[in-house]
Amino acid sequence: MLGQSSWGTVRWLLAGIVVIVGVLAMPRFQYVGDPLAIRAAAVNWLNTGRIDVPEEVALVTGQRGQYYFQNPNNGRYYSKYGALNTVCYLPVLFLEKQLYGELPLYNIGPKRTLLLNVQNIVLSLVLALVLLELAHLYCGKPYLALLWVVASLYASFGWNYLRAQTAEIWQWVLASCFVLFVMRLCRASESRRWLILSQLSLILLILAKGVYALWGLVWIAILAGLAWRGSIDRRDWRWWLAALLPLAVGAAVVLGCNYFKFGDALASGYTQWERERHFFSGNAWTGLIGLLFSPDKSIFIYQPLLVFALFYWPAFWRRWGLESAAILAAFALLLGLISCTINWGGHWSYGPRYLLAILSPLTLPVLLIEENVCSKPFNWWKCSVMALISAVLLFSTWMQYQVNSLEFFTYYWVEGLVEACNSQEAMAELHRLPFGIVNYQLKRFAQTDCLPQFALTASKGLPSTAPAIVQSELLKLVNYNWYFWQ
């Protein structure tokens, strides 16, 4: 009873942390680009009952296929993103229409921004509680599990996507649910509840982003593993029917949505834009090295818990082999496929966003620190390890704060300004700096007139009046991204 009481207390404490941080760190600006196009389709659905968008809207938004796919069968334009993304925005947009009596197609004003922010706080709360339940499976100390969840959310690039009004947060929630339900299924294979919930979360994930269809292979492999070790009766055809039939129905739904939107059940919305026509023609080795070791997209930089988790993966595997195999396979499949794309880094975004949904489960082994570092008696080695982990996580949290303090695309606007100065040396200096350091230097410049080194380098060789223009343009980019305070 005492243990259950402690976990209940931690749940409430975690909920309070997420809500307080969510409100205080609420963004003032909307994340533009893909989310605006997705919401425009949802708005048109609520206003007209049609899920396509008017031709004039699709044509002025961007190049053909950039945001909307033209169905060759009927000539209409549909959001090229997964169907679930449009559906997920319907509740908050419906609420906006009820509150204000109108629903503009594109609205980046404070009213819609506030409603989207509230939706994100709710999703962040759900995500935090799901991650806590996942940690509960592998950790006996409630407060250590709490620290793991908080670090996963706020000491990583994930904090950016808890604030950004994008589809990544939905994918992160659904992927975490899928992993939790699959882990539960591995522990209690006789329970139909975990079977059904894992199926449902996987189907929704695929409806959000087709790449998660790869995880269907992981799910089927888990069933095979359970059958091999005797956890389920291999001769029980009713169990196998219940296991595979819903997934087949879900696949039919996904294919039907594709046919309705893109005119072909096997079509992807990512083939009509000229820049994405050969989406999987990237250099797999370049993408793999970039996602693992590059200074601007490495998963170890943007989710520092992964560095420490590496030391505990062997012990984690020995204890939970089937569950470890499921997590690693889910990660490897995503990593392998994304590495082959021309946009493996997810440009005009922050960090390796295509891998965001699986990185938290990948750090679960770090919870084993409870047994050989957190246990008593303490010595200098244990204290040193704890101090190192704390320092890394605190620095990463500070970095995420700097990233979140300014508008979402500040780094890219700075990059465009430096590029206009035609200085390769300045561009190289900028690219060596993480997003957080660039934002910190911009804010310091606004407060102390201490110009960042990359800006000084970019100003060299320019006409005498140009440095003042560069400084003026830099100051314009110091726009704080807090809803309630500046």
Side-chain angles (χ1 to χ4, degrees), residues 21-47 53 57-58 60-62 66-68 79-82 84-100 102-125 127 157-173 208-209 346-351 353 356 400-416 435 439 442 476-486:
V21 173
V23 171
L24 292 180
M26 190 180 292
R28 181 162 62 103
F29 302 103
Q30 286 183 33
Y31 200 103
V32 297
D34 298 355
L36 291 181
I38 296 171
R39 285 196 292 274
V43 167
N44 199 55
W45 193 353
L46 289 172
N47 285 337
V53 297
V57 172
V60 301
T61 302
Q66 184 173 358
Y67 297 108
Y68 301 103
S79 167
K80 74 176 187 180
Y81 311 95
L84 183 69
N85 297 308
T86 301
V87 174
C88 287
Y89 283 115
L90 290 177
V92 69
L93 293 173
F94 177 79
L95 178 60
E96 178 185 339
K97 189 172 185 178
Q98 299 306 307
L99 290 175
Y100 305 118
E102 59 179 359
L103 196 61
L105 199 64
Y106 292 110
N107 180 4
I108 58 174
K111 293 180 179 179
R112 179 173 294 179
T113 303
L114 178 60
L115 292 176
L116 292 170
N117 289 341
V118 172
Q119 176 181 258
N120 269 34
I121 292 174
V122 173
L123 291 171
S124 301
L125 180 58
L127 173 63
F157 77 122
W159 191 3
N160 176 78
Y161 294 99
L162 297 182
R163 303 173 72 247
Q165 308 89 356
T166 67
E168 275 76 16
I169 189 170
W170 290 99
Q171 295 168 28
W172 195 1
V173 171
K209 198 173 186 69
H347 301 303
W348 278 86
S349 64
Y350 177 54
R353 62 185 171 104
L356 170 67
Q400 310 318 316
Y401 172 82
Q402 299 303 328
V403 171
N404 294 331
S405 62
L406 299 182
E407 285 194 67
F408 292 109
F409 295 121
T410 298
Y411 178 90
Y412 293 99
W413 293 328
V414 171
E415 187 180 51
F435 285 36
N439 280 10
L442 285 179
K476 292 178 182 178
L477 298 179
V478 185
N479 294 316
Y480 286 90
N481 197 12
W482 311 116
Y483 195 90
F484 291 117
W485 53 287
Q486 301 302 316

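The shown structure was predicted, so the numbers you read here are calculated from the model rather than taken from an experiment. Residues: numbered from 1 along the sequence shown.
A donor-acceptor pair shorter than 3.5 Å cannot be found between the side chains of Q171 and Y161. Checked by atom type, the side-chain pair E407/N479 shows a donor-acceptor distance below 3.5 Å. Counting only N and O atoms by type, the side chains of Y483 and N117 include no donor and acceptor under 3.5 Å apart.
The closest donor-acceptor contact from the side chain of K209 to the backbone of G82 lies at 3.5 Å or more, if one exists at all. A distance-only check finds no donor-acceptor pair linking the side chain of N160 to the backbone of F157 [under 3.5 Å]. In this structure, the side chain of R112 does not engage the main chain of E96 through any donor-acceptor pair within 3.5 Å.
The local environment of CD1 in I108 is sparse, with at most 12 non-hydrogen atoms from other residues, nucleotides or ligands closer than 6.0 Å. Summarising the local packing, CZ of F94 is surrounded by 12 or fewer heavy atoms from other residues, nucleotides or ligands at distances under 6.0 Å.
Between L162 atom CG and L127 atom CG the span is 6.5 Å, to the nearest 0.5 Å. For the atom pair Y89 OH and L116 CG, the distance stands at 6.5 Å (nearest 0.5 Å). We find the CH2-CG distance between W45 and L103 to be 14.0 Å, quoted to the nearest 0.5 Å. Distance CH2/W172 to OG1/T166: 11.0 Å, rounded to 0.5 Å. Rounded to the nearest 0.5 Å, atoms CG (L105) and CG (N47) are 8.0 Å apart. Here CG of L93 is found 11.5 Å from CD of Q98. Values are rounded to the nearest 0.5 Å.
Pairing each heavy atom of A164 with each of N120, the nearest pair is O-ND2, 2.8 Å. Between T113 and G109, the shortest heavy-atom contact is OG1-O, 2.7 Å. Between A40 and Y68, the closest heavy-atom pair is CB-OH, 3.4 Å. Closest non-hydrogen pair, Y100 versus L115, comes out as CE1-CD1, 4.2 Å. Nearest heavy-atom pair, S124 versus I169, reported as atom, atom and distance to 0.1 Å: OG-CD1, 3.8 Å. The two residues Q119 and C88 make their nearest non-hydrogen contact at OE1-O, 3.5 Å.
W482 pairs with exactly one of N404, L24, L406 by the side-chain contact (heavy atoms from CB on, under 4.5 Å) rule, that one being N404. A ring-ring contact (aromatic ring centres under 6.0 Å, His included) with F408 holds for exactly one of W413, F29, Y31, W348; it is Y31.
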**Request:** Go through the steps for I121 and M26 under the test side-chain contact (heavy atoms from CB on, under 4.5 Å), then give the verdict.
**Result:** CA-CA 9 Å; I121 292 174; M26 190 180 292; 3.7 Å; yes

**Request:** May I have the step-by-step check of side-chain contact (heavy atoms from CB on, under 4.5 Å) for V32 and F409, ending in yes or no?
**Result:** CA-CA 9 Å; V32 297; F409 295 121; 3.4 Å; yes

**Prompt:** Under the side-chain contact (heavy atoms from CB on, under 4.5 Å) criterion, do N481 and R163 qualify, and how do the steps go?
**Reply:** CA-CA 10 Å; N481 197 12; R163 303 173 72 247; 3.8 Å; yes

**Message:** The test is side-chain contact (heavy atoms from CB on, under 4.5 Å); show your working for Y480 and V478 and say whether it passes.
**Reply:** CA-CA 6 Å; Y480 286 90; V478 185; 4.0 Å; yes

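P35 has its side chain out of reach of Q165: every pair of non-hydrogen atoms, C-beta onward, lies at least 4.5 Å apart. With contacts defined as side-chain heavy-atom distances shorter than 4.5 Å, the pair Q30/L36 qualifies. Between Y411 and V403, every side-chain heavy-atom pair lies at or beyond the 4.5 Å cut-off.
Taking the six-membered ring where the residue is Trp, Y350 and F435 present tilted rings, their angle falling between 30° and 60°.
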